[in-house]
Amino acid sequence: MHVYRTHDCGALSHADIGKEVKLSGWVHRKRDHGGVVFIDLRDHYGLTQCVVDSTDKAFSAAEQLRNESVITITGAVRARSEETVNKALSTGEIEVQIAELELQSAADTLPLQVNSDEDSGEEVRLRYRYLDLRRQRPHANILLRAKIIQSIRQRMVGLGFTEFQTPILTASSPEGARDFLVPARLHPGKFYALPQAPQQFKQLIMVSGFDKYFQIAPCFRDEDSRADRSPGEFYQLDLEMSFVEQADVFAAVEPVVKGVFEEFADKEVDPDFVHIPFDEAMLKYGSDKPDLRIPLEICDVTDIFRGSDFSIFAKNIEKGAVVRAVPGPKCGSRAIADRMNSWAQGEGAPGMGYIIYGEGEARGPVAKALGADKSDEVKQRLGVGDGDAVFFACAPASEAANLAGKARVRIGTEQGLIDENLFKFCWIVDFPMYELDEKTGKIEFSHNPFSMPQGGMDALNNQDPLTIKAWQYDLVCNGVELSSGAIRNHLPEVMYRAFEIAGYDANVVDEQFAGMISAFKFGAPPHGGIAPGIDRMVMLIADEPNIREVILFPMNGKAEDLMMNAPSEVDEAALRELHIRKQLPKS
RNA sequence: GGGGGUGUAGCUCAGUUGGUUAGAGCGCUGGCCUGUCACGCCAGAGGCCGCGGGUUCGAGUCCCGUCACUCCCGCCA
């Protein structure tokens with residue numbers, strides 16, 4: 001007989017009745033009846049009830065066991081009597097009568113309860129992550145993640161993509177997020193950076209002639225955390241394709257993402273991946289990651305308020321503001337309107353105007369100033385009726401869109417308009433190539449500087465930069481940005497010109513992106529790609545509100561690993577070797 | 001860097017307008033119980049009420065500061 005087990009804890013059934021077996025696992029729960037003790041023995045595979053009677057020699061050892069101790073038991077598989085069968089367990093028809101019991105590893109009093117569905121505080125869970133991961137839901141989440149990644153690999157290979165590894169120690173890039181830096185021992189004063197994404201490498205793989213690349217790629221960005229953003233590191237399904245247009249990338253990615261969601265999620269997946277231009281998304285949904293489950297569309301009503309007697313708005317409009325209106329079905333009460341208003345103030349807006357429609361008339365201070373005809377015009381445009389309300393955001397375009405977008409989500413959530421059982425995807429397309437930095441007034445890249453501008457060199461030379469669109473796209477699901485991608489700019493001349501508009505001259509490009517720009521001078525295929533976030537996909541599929549729930553060993557919000565004590569001090573000798581001296585902030 | 005929330009037993013939480021000895025469930029220790037499966041019953045241990053200061057006859061409760069965790073803003077090509 002094997003030293004530890006003949007079967008796992010989920011394996012035994014009525015077919016094994018009468019067999020001598022050996023099981024190893026954790027004491028999940030113990031029920032001590034004085035004359036008989038039941039032990040639920042748990043491992044990765046399942047749970048088996050083990051029994052010991054007071055007459056058995058293992059009895060006293062069993063009585064003393066604490067939860068989560070690791071034991072090995074030997075005994076015979078017995079049928080449970082009909083009334084003691086447990087239908088909730090796959091092994092519920094049988095139990096093992098313990099003949100021998102060996103304690104492999106005793107457990108101290110636990111800092112968190114493994115056999116409970118109730119989560120402990122995050123700090124305790126992260127410090128004792130190995131205990132937390134024994135629990136049913138965290139264990140299942142990590143397993144789900146593994147299966148999803150496995151499925152993605154299979155699907156990608158099936159589509160003719162090849163998996164490559166790219167360097168983890170690379171060069172710092174001036175664009176984008178803050179880098180994690182690694183001192184270079186052999187080069188005093190110089191640093192490697194961890195890749196924020198394998199962006200340049202994957203493009204260079206295309207220039208190297210490999211045609212279709214993918215990788216489950218670790219990405220490192222030294223930015224602050226959020227519920228859906230883990231600090232430090234995360235994973236992307238990074239992919240790139242040669243000789244493609246935007247539609248080809250969509251055609252490759254859609255079935256993979258859709259397929260994975262359909263395979264693993266309990267919710268319905270809307271098969272229609274709608275395409276929405278960025279400008280339209282900002283207008284109708286006030287966001288570049290709209291939650292399309294909310295059946296509300298924002299309308300621009302600037303024209304109705306222009307020159308009207310509602311002077312606050314009318315004056316702002318003269319100064320260039322716009323008015324965006326959000327329909328509020330069944331929101332036609334003073335209490336709801338007041339709540340929206342104070343919510344908007346909490347968001348940093350001066351407030352949120354509203355009109356309440358009821359009993360054939362429009363009510364509220366806005367309606368009073370605007371007059372019946374114009375109030376009715378708003379009603380018609382928004383398609384609302386009696387008992388509904390309309391809320392207004394008046395501000396410069398991007399601010400108004402933003403507030404209206406948040407209001408739309410709030411109304412959708414509060415009024416229960418969101419179908420919680422649905423995944424609704426969309427592609428946001430035609431992102432602007434450049435945007436204006438509001439503080440400096442300078443033109444800068446709005447997304448990825450390596451994206452191909454729509455219209456190419458001609459657009460760069462002859463169009464107002466702020467009107468130029470890029471072949472740049474996002475994949476969004478239920479209001480979560482899953483992915484960002486682009487058709488790349490593979491033409492050195494167009495690249496130099498694109499950077500010139502953003503204020504970088506040619507030698508900056510030559511220095512900062514030396515490898516890539518030089519590669520593009522030796523025959524580069526037109527190419528493009530995308531990089532869906534793995535953690536976010538798993539989070540959506542697992543229906544978890546927090547990304548840490550789908551990461552094995554996550555860091556806390558301050559980017560500390562409480563289990564491993566990272567980051568940590570290092571020896572002075574190690575610093576000397578790296579030519580590094582600490583200069584700590586004064587406290 | 002800024003704003004909100006939370007912090008009470010090993011864990012999850014309750015704690016009234018400020019009032020005597022700070023409670024519950026789980027866990028832990030001891031006892032009883034031979035068919036439970038969140039077993040049941042009895043008893044017990046376990047508290048710097050995050051920390052520091054203040055108001056008060058009296059503070060878990062009110063005020064100020066501070067720390068930790070968390071959510072959000074900034075940040076995230």
Side-chain angles (χ1 to χ4, degrees), chain A residues 28-42 47-56 59 63-64 66-68 78 80-89 91-92 95 97 107-128 131-132 135 172-179 195-197 199-200 219-232 234 346-348 402 406 431 433-435 439 444-451 470 472 481 484-486 498-499 502 504 512-513 531 533 545-546 548 556-558 560 562 587:
Chain A
H28 185 69
R29 184 172 275 123
K30 205 178 69 180
R31 291 176 295 281
D32 186 346
H33 289 244
V36 57
V37 175
F38 298 96
I39 293 168
D40 289 339
L41 194 64
R42 184 199 73 236
L47 204 70
T48 302
Q49 172 165 290
C50 305
V51 198
V52 60
D53 292 327
S54 54
T55 49
D56 296 333
F59 183 75
E63 265 198 315
Q64 283 162 31
R66 213 176 275 150
N67 283 350
E68 295 310 308
R78 293 198 323 199
R80 295 207 206 176
S81 69
E82 208 170 303
E83 62 281 5
T84 60
V85 164
N86 185 345
K87 288 191 177 120
L89 283 181
T91 59
E95 62 191 11
Q97 183 75 35
D108 282 344
T109 302
L110 300 166
L112 59 84
Q113 275 155 258
V114 173
N115 62 19
S116 168
D117 289 335
E118 201 166 1
D119 287 340
S120 297
E122 287 257 12
E123 198 174 356
V124 174
R125 294 182 63 198
L126 294 183
R127 190 177 301 279
Y128 301 97
L131 288 179
D132 192 44
R135 297 171 55 234
S172 178
S173 148
E175 293 287 321
R178 204 174 291 116
D179 283 319
Q196 296 185 22
Q199 181 63 38
Q200 293 187 58
C219 302
F220 305 90
R221 295 178 193 174
D222 187 4
E223 297 295 344
D224 289 346
S225 75
R226 288 287 185 278
D228 64 351
R229 198 203 298 165
S230 85
F234 61 96
E347 291 290 319
N402 199 272
K406 285 178 176 168
F431 274 83
M433 183 81 190
Y434 300 101
E435 63 190 14
K439 284 175 218 147
E444 47 183 43
F445 291 111
S446 76
H447 263 65
N448 186 326
F450 307 132
S451 298
Q472 166 91 40
E481 183 190 319
S484 220
F499 273 84
Y504 302 93
Q512 303 289 359
F513 311 109
N546 192 299
R548 289 185 295 275
N556 69 5
K558 280 200 176 149
E560 298 164 309
L562 298 174
S587 53

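To find a chain, count down the sequence lines: A is the first, B the second, and so on, and within it residues start at 1. Because only heavy atoms are used, hydrogens play no part in the values below, and waters and symmetry mates are left out as well, while side chains stay in. A quick note: this is a predicted structure, and the numbers were derived from the prediction, not measured.
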Closest to the A:Arg221 side chain, choosing from B:rA38, B:rC75, B:rC76:
B:rC76
For B:rC49, the Watson-Crick or wobble counterpart (both distances under 3.5 Å):
none
Partner of B:rC13 under the Watson-Crick or G-U wobble criteria, both distances under 3.5 Å, comes out as B:rG23
Establish whether the base of B:rG35 is bridged to the side chain of A:Arg78 by a donor-acceptor pair shorter than 3.5 Å.
yes
Output, in order, the C-alpha distance, side-chain angles, deciding distance and verdict of side chain to side chain donor-acceptor pair (under 3.5 Å) for A:Glu347 and A:Asn402.
CA-CA 10 Å; A:Glu347 291 290 319; A:Asn402 199 272; over 6 Å; no
Any strand, both distances under 3.5 Å, Watson-Crick or G-U wobble: B:rG58 pairs with none
Under 3.5 Å donor-acceptor pair, A:Asp32 side-chain atoms to B:rC39 base atoms
no
Select one nucleotide: of B:rC11, B:rC73, B:rU34, the one nearest the side-chain heavy atoms of A:Ser120.
B:rC11
A:Tyr128 atom OH, over 12 foreign heavy atoms within 6.0 Å
no
Taking salt bridge (charged side-chain N to carboxylate O under 4.0 Å, His left out) as the test, write out the residues that go with A:Glu435, two or more places apart.
none
Measure from the side-chain heavy atoms of A:Thr84 and tell me the nearest of B:rU36, B:rC11, B:rU34.
B:rU36
Where the side chain of A:Asn546 meets the backbone of A:Arg548, is there a donor-acceptor pair that is under 3.5 Å apart?
yes
The salt bridge (charged side-chain N to carboxylate O under 4.0 Å, His left out) partner of A:Asp40 among A:Arg29, A:Arg31, A:Lys30 is A:Arg31
A:Glu118 has a side chain; which of B:rC75, B:rU12, B:rG35 sits nearest to it?
B:rU12
Evaluate whether atom CZ of A:Phe234 has more than 12 neighbouring non-hydrogen atoms of other residues, nucleotides or ligands under 6.0 angstrom away.
yes
Would you say the side chain of A:Glu68 and the base of B:rG27 hold a donor-acceptor pair, judged only by whether the two atoms sit under 3.5 Å apart?
no
Could you tell me how far apart A:Leu112 (CG) and B:rC13 (C1') are, to the nearest whole angstrom?
16 Å
Set out, line by line, the N/O atom pairs under 3.5 Å between protein and nucleotides 68-70 of chain B.
from: B:rC69; atom 1: OP1; to: A:Asn556; atom 2: ND2; distance (Å): 3.3
from: B:rC69; atom 1: OP1; to: A:Glu560; atom 2: OE1; distance (Å): 3.1
from: B:rC69; atom 1: OP2; to: A:Lys558; atom 2: NZ; distance (Å): 3.0
from: B:rU70; atom 1: OP1; to: A:Gly557; atom 2: N; distance (Å): 3.3
from: B:rU70; atom 1: OP2; to: A:Gly557; atom 2: N; distance (Å): 3.3
from: B:rU70; atom 1: O3'; to: A:Arg548; atom 2: NH2; distance (Å): 3.4

Could a donor-acceptor pair under 3.5 angstrom be found where the side chain of A:Arg29 meets the base of B:rC39?
no
Report yes if the ring of A:His33 lies under 5.5 Å from the six-membered base ring of B:rC39 with planes under 30°, and no otherwise.
yes
Looking at B:rC37, does its base get a donor-acceptor pair with the side chain of A:Arg80 below 3.5 Å?
yes
Check: A:Arg125 side chain, A:Asp132 main-chain N or O, donor-acceptor pair, under 3.5 Å
no
State the pairing partner of B:rG40; accept Watson-Crick or G-U wobble contacts with both distances under 3.5 Å, and report none otherwise.
B:rC32
Give a yes or no on whether a donor-acceptor pair under 3.5 Å exists between the nucleobase atoms of B:rG35, that is its base, and the side chain of A:Glu83.
no
For B:rC69, what is the paired nucleotide under Watson-Crick or G-U wobble rules, both distances under 3.5 Å?
B:rG5
Residue met sooner reading RNA chain B from 5', once A:Ser54 and A:Arg178 are mapped to nucleotides:
A:Ser54
Counting side-chain heavy atoms from C-beta on, which of B:rC75, B:rG35, B:rC26 comes nearest to A:Gln113?
B:rC26
Of all the nucleotides listed (B:rG74, B:rC75, B:rU36), which has the minimum atom distance to the side chain of A:Asp224?
B:rG74
Is a salt bridge present between A:Arg229 and A:Glu223, judged by a nitrogen-to-oxygen distance below 4.0 Å?
no
Starting the side chain at C-beta, find the nucleotide from B:rU36, B:rG10, B:rC75 nearest to A:Glu223.
B:rC75
Base partner of B:rG18, which must satisfy Watson-Crick or wobble distances under 3.5 Å:
none
Going by purine N1 to pyrimidine N3 plus the second Watson-Crick contact, or the G-U wobble pair, all under 3.5 Å, which nucleotide sits opposite B:rC76?
none
Establish whether the base of B:rG27 is bridged to the side chain of A:Asn67 by a donor-acceptor pair shorter than 3.5 Å.
no
